[in-house]
Amino acid sequence: MSSPTPSPTGGPSKLGMAGWLTKVFIRSALTPLLLLASIAVGSVALMSLAREEEPQISVPMVDVLIQADGIRADDAIELVTKPLESILKGIDGVEHVYTYTQDDHVMAAARFVVGTKSEDAILRVHEKLRANYTRIPLGIPEPLVVGRGINDVAIVTLTLTPKPEVADRWSDNALLKLSEKLLHELVKIDDVGLTYIVGGRADQIRVEPDPERLARYGIALNDLVEKVKNANRSFLVGTLRDRGLQVPGAAGQTLQGVPDIGLLLITTRDGRPVYVKDVADVIFEAKPEEARAWNMAPDGKGGYATAPAVTIAIAKRAGANAVTIAQTIEKRLELVEHQVLPPDVVVTKTRDYGETANEKVEELLFHLALATLSIAALVAVAIGWREGVVVLVVVPTTILLTMFASWILGYTIN
């Protein structure tokens, strides 16, 4: 029988927890199988883990928008902004409150502490506002509460522009209509989150009053505004019974188009009816230009050719793999592009969050592998080749097990 190994003090050595575990696994026949199983599950986790570029920390911001018609900015600060600030600052978890006030509008943004769930933040703001809404002056409509978060950032943006030789035939209004059709096809992809369109002027029906014609018929501008505003209404008033049948009854009628607006009766003058078309022009076209988006490309002559542009922005849901979604969007675009878009309109991918996230994750994995090889080589030279092999096996296995634990706990690589 072998005697216990003496300790430096002369007595037998006592193994601690680490030493005991090491002794058990060195002698166990299951150790190679456990190593292989760890490498297998770690590799599966590495391929399955969602890859993202931005840190997925939860720092929710909640915007509160209030329409204060007819109130000047100086008065809105005293009547609306200051009470709103005090209400938001009293909410549990709010770290900062930012406000912006202008004529007829008030906006406040509440930023919560790191780690607060966005759903909880929005719910707290809603509850606090409802409980203290009496502090806002009468006549102010109920505020609009909008939550913001890291997952509202677009991971893919697609810009539609006409080819340079036909740029003068296309308007941003026409591109907007094509973008809406294309976006309708792209939102069918799983795990797509918030989507929106940047640029382009939507169609609009405008009623442009003529001051001279209003004065000629003796009609105030307020009368015209109220007539148009209240005309497009229809609501249920009850039920009607006829021959044993019960039929829902509705009052009013919604407008069907531009002619209906022009034929709205405002009043009568000298026994003759006065319609909206008599005192105003009813126009159906794209909204007036307030902001435009352009695509600039070299024209080959030392200058730049400009063409109207409209961009589709697509975000993802929380926890989804940005790389997978970006690749799926690209495949879906290739499938529907020729069905939705004419040949003289091209789509350019102007942002690919998935591609950049994948590049950074691949760079991270490369440096981990390089560091592991360097450490194993250093240990092999300094101590011995057997110890170097142990490091070469244990370190990657530990990294892969870490990946597996992250996958199980719902974390992502970013």
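Taking the side-chain hydrogen bond (donor to acceptor under 3.5 Å, both in side chains) definition, one finds that K188 meets it with E185, sequence neighbours left out.
Salt bridge status for D210 with R213: present, with a side-chain N to carboxylate O gap under 4.0 Å. For K349 and D352, the salt-bridge test passes: some basic side-chain N is under 4.0 Å from an acidic carboxylate O. For E208 and R206, the salt-bridge test passes: some basic side-chain N is under 4.0 Å from an acidic carboxylate O.
When side chains are defined from C-beta on, S38 counts as touching L401, because their heavy atoms get closer than 4.5 Å. Between L178 and L176, the closest side-chain pair of non-hydrogen atoms is not below 4.5 Å. Between T311 and I197, every side-chain heavy-atom pair lies at or beyond the 4.5 Å cut-off.
The CG atom of L160 sits 14.5 Å away from the NZ atom of K177 when rounded to the nearest 0.5 Å. The CG atom of D104 sits 8.0 Å away from the CZ atom of R72 when rounded to the nearest 0.5 Å. With values rounded to the nearest 0.5 angstrom, E330 atom CD is found 10.5 Å from E337 atom CD. Here NZ of K287 is found 10.5 Å from CG of D203. Values are rounded to the nearest 0.5 Å. Remark: H367 NE2 to L365 CG distance equals 11.0 Å, nearest 0.5 Å. To the nearest 0.5 angstrom, K163 atom NZ is 11.5 Å from W170 atom CH2.
Sorted by first and then second residue, the side-chain hydrogen bond (donor to acceptor under 3.5 Å, both in side chains) pairs with a member in residues 214-225 form an empty list; sequence neighbours excluded. Residue pairs meeting the salt bridge (charged side-chain N to carboxylate O under 4.0 Å, His left out) criterion with at least one member in residues 130-148, sequence neighbours excluded: D63-R148, R130-E142.
When V156, V187, L186 are each tested for a side chain to side chain contact (heavy atoms under 4.5 Å, CB included) with T195, only one passes: V187.
Atom CD of E212 has 12 or fewer neighbouring heavy atoms from other residues, nucleotides or ligands inside a 6.0 Å radius.
A distance-only check finds a donor-acceptor pair linking the side chain of D278 to the backbone of Y275 [under 3.5 Å].
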